[in-house]
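If you read the sequence from its start, that first residue is 1, and numbering goes on from there. Quick caveat, the model's predicted, so the values are computed rather than measured.
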Amino acid sequence: MSLTSFFLLLYFSLFTFLTTHSKPHLPSPYLSPTTIFPNYQNMLKSFKIFIYNPNTPFTFNSPSQSLFYTTLTLQDSAFVTQDAEQAHLFFVPFPSDLSTRSIARLIRGLRNDLPYWNRTLGADHFYLSCAGIGYESDRNLVELKKNSVQISCFPTPAGKFIPHKDISLPPLASSHAPTNKTKRFLGYARFNWLKESTLVNELSSDPEFLIESEPSDLNSYAERIASSKFCLFEYGGGDVSGIGEALRFGCVPAVVTERPIQDLPFSDVLRWQEIAVFVERRGVGELKRVLARTCGDRHKKMRGLGVTASRHFVWNETPQPLDSFHTLMYQLWLRRHTIRYVRRESA
């Protein structure tokens with residue numbers, strides 16, 4: 001066992017002991033704080049994926065998709081197996097711009113040429129599609145959409161995401177360390193984070209809020225975020241790509257939305273209600289009331305839990321424990337098919 005693996009295992013064991021023997025209401029950003037790390041360790045040791053060979057080499061348009069695909073398909077990847085009988089899940093790779101007709105043809109080929117799809121009608125398969133796949137009449141697309149795990153980009157267009165089955169890719173977040181700055185502003189946002197012009201105009205004239213255009217450099221951007229209690233995003237039209245960086249720099253995300261959000265990244269790992277605020281789209285008055293209620297001790301706790309959770313939003317060229325790649329793999333692990341197929345022995 002390497003020194004790094006030893007200390008990682010020690011960390012997991014210590015965390016599990018503390019969460020198991022401490023007070024039942026100890027604040028945690030995790031849905032299952034006593035089980036996530038033991039399960040994560042089991043995933044690292046045993047999770048195996050069989051990857052179908054694509055017909056031709058291709059690349060993905062989304063940076064997060066590209067990083068996930070490149071990392072998973074590394075030659076020395078511990079998750080990939082060439083023995084399909086040992087695989088928990090099967091990965092169907094195809095480019096983002098592939099037409100639905102071509103995707104249907106691809107699935108038809110898997111159905112006809114190999115036995116694995118037909119055993120579960122695709123329930124132990126997954127695929128990458130940034131915009132998601134809609135409901136189509138073709139049988140192959142129906143099975144892919146309803147049964148297979150879709151990994152799409154956050155946010156996924158309406159009607160293209162099935163909760164508890166599909167997974168959202170977190171946006172790329174900075175790897176800069178969080179800073180402790182005096183909170184000078186109640187809220188911070190960039191113009192493209194908010195789509196409602198009335199909301200933008202009212203907040204821009206409010207001294208408690210800082211609304212600005214694209215920052216000139218990353219350092220100034222980090223300074224703005226770190227000096228604000230809340231970072232404002234608007235779900236459904238606005239740009240939510242900065243939500244991971246907001247968590248990392250100690251700025252509690254405040255997401256304006258008109259409906260429940262079902263495609264939040266790591267939604268079956270993180271307790272989003274403990275690290276972010278969700279506000280109904282009812283204007284500036286309602287927004288300020290909600291933020292005011294969340295200040296004080298509540299904000300301090302959410303800020304700390306958000307910084308802890310932010311480790312899962314960091315993408316690395318070389319994967320690191322608990323980063324975006326490994327947390328996505330953990331979510332796939334939670335969705336692995338439990339049925340094992342016994343091969344018939346010849347008489």
Side-chain angles (χ1 to χ4, degrees), residues 27 29 154 170-235 237-257 261 264-266 270-279 281 283-315 323-324:
F154 176 71
L172 293 178
S174 167
S175 59
H176 281 58
T179 56
N180 292 315
K181 301 287 291 185
T182 301
K183 301 299 182 181
R184 296 190 298 130
F185 300 100
L186 179 62
Y188 169 82
R190 283 160 41 186
F191 286 118
N192 58 323
W193 291 0
L194 305 171
K195 74 165 188 176
E196 188 179 326
S197 58
T198 303
L199 185 64
V200 172
N201 292 335
E202 291 189 48
L203 291 177
S204 297
S205 60
D206 191 319
E208 290 190 283
F209 293 86
L210 175 61
I211 313 297
E212 64 176 6
S213 58
E214 186 78 24
S216 57
D217 59 78
L218 182 59
N219 289 331
S220 64
Y221 172 50
E223 289 287 326
R224 303 290 198 280
I225 294 179
S227 63
S228 304
K229 289 184 177 181
F230 298 93
C231 284
L232 312 180
F233 302 92
E234 192 165 5
Y235 181 83
D239 182 1
V240 293
S241 62
I243 198 167
E245 290 177 331
L247 291 169
R248 188 164 183 79
F249 289 111
C251 187
V252 175
V255 185
V256 179
T257 179
I261 303 176
L264 286 164
F266 309 139
L270 298 175
R271 300 169 65 200
W272 274 97
Q273 291 80 4
E274 298 297 326
I275 60 176
V277 177
F278 299 92
V279 187
R281 188 180 285 118
V284 173
E286 176 64 13
L287 174 63
K288 295 187 72 171
R289 280 191 291 272
V290 172
L291 298 187
R293 290 199 303 266
T294 318
C295 287
D297 291 341
R298 171 66 174 161
H299 176 269
K300 183 178 180 180
K301 185 182 80 168
M302 294 182 73
R303 179 177 180 272
L305 294 178
V307 171
T308 300
S310 69
R311 74 182 73 178
H312 303 289
F313 288 81
V314 177
W315 286 94
D323 67 359
S324 284

Looking at Thr308, is its backbone amide N or carbonyl O close enough to the side chain of Arg311 to form a donor-acceptor pair, meaning the two atoms are under 3.5 Å apart?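 Checked: pair present.
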Looking only at atom types and distance, does a side-chain atom of Ser241 sit under 3.5 Å from a main-chain N or O of Pro171, one as donor and one as acceptor?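 No, Ser241 side chain to Pro171 backbone: no donor-acceptor pair under 3.5 Å.
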Hey, could you give me the [atom1]/[atom2] distance between [X] and [Y], rounded to the nearest 0.5 Å?
| X | Y | atom1 | atom2 | answer |
| --- | --- | --- | --- | --- |
| Glu208 | Leu291 | CD | CG | 9.5 Å |
| Leu186 | Leu210 | CG | CG | 11.5 Å |
| Ile275 | Met302 | CD1 | CE | 8.0 Å |

Please examine the side chains of Val252 and Val277, heavy atoms only from C-beta on, and report whether any two atoms are closer than 4.5 Å.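 They are in contact (side-chain heavy atoms under 4.5 Å apart), so the answer is yes.
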Is a salt bridge present between [X] and [Y], judged by a nitrogen-to-oxygen distance below 4.0 Å?
| X | Y | answer |
| --- | --- | --- |
| Arg248 | Glu245 | no |
| Arg224 | Glu212 | yes |
| Lys288 | Asp206 | yes |

Go through the steps for Tyr235 and Val256 under the test side-chain contact (heavy atoms from CB on, under 4.5 Å), then give the verdict. CA-CA 6 Å; Tyr235 181 83; Val256 179; over 6 Å; no
Step-by-step salt bridge (charged side-chain N to carboxylate O under 4.0 Å, His left out) determination, Glu274 to Arg298: CA-CA 9 Å; Glu274 298 297 326; Arg298 171 66 174 161; 3.2 Å; yes
Could you tell me which non-hydrogen atom of Ser228 sits nearest to which non-hydrogen atom of Tyr188, and how far apart they are?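 In this case the closest contact between Ser228 and Tyr188 is OG-CB, 3.1 Å.
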Could you list the residues that satisfy ring-ring contact (aromatic ring centres under 6.0 Å, His included) with Phe233, not counting sequence neighbours?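 Listed in chain order: Trp193.
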Going by the rule ring-ring contact (aromatic ring centres under 6.0 Å, His included), which residues pair with Phe266 if we only count those two or more places apart in sequence or in a different chain?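 Listed in chain order: Phe313.
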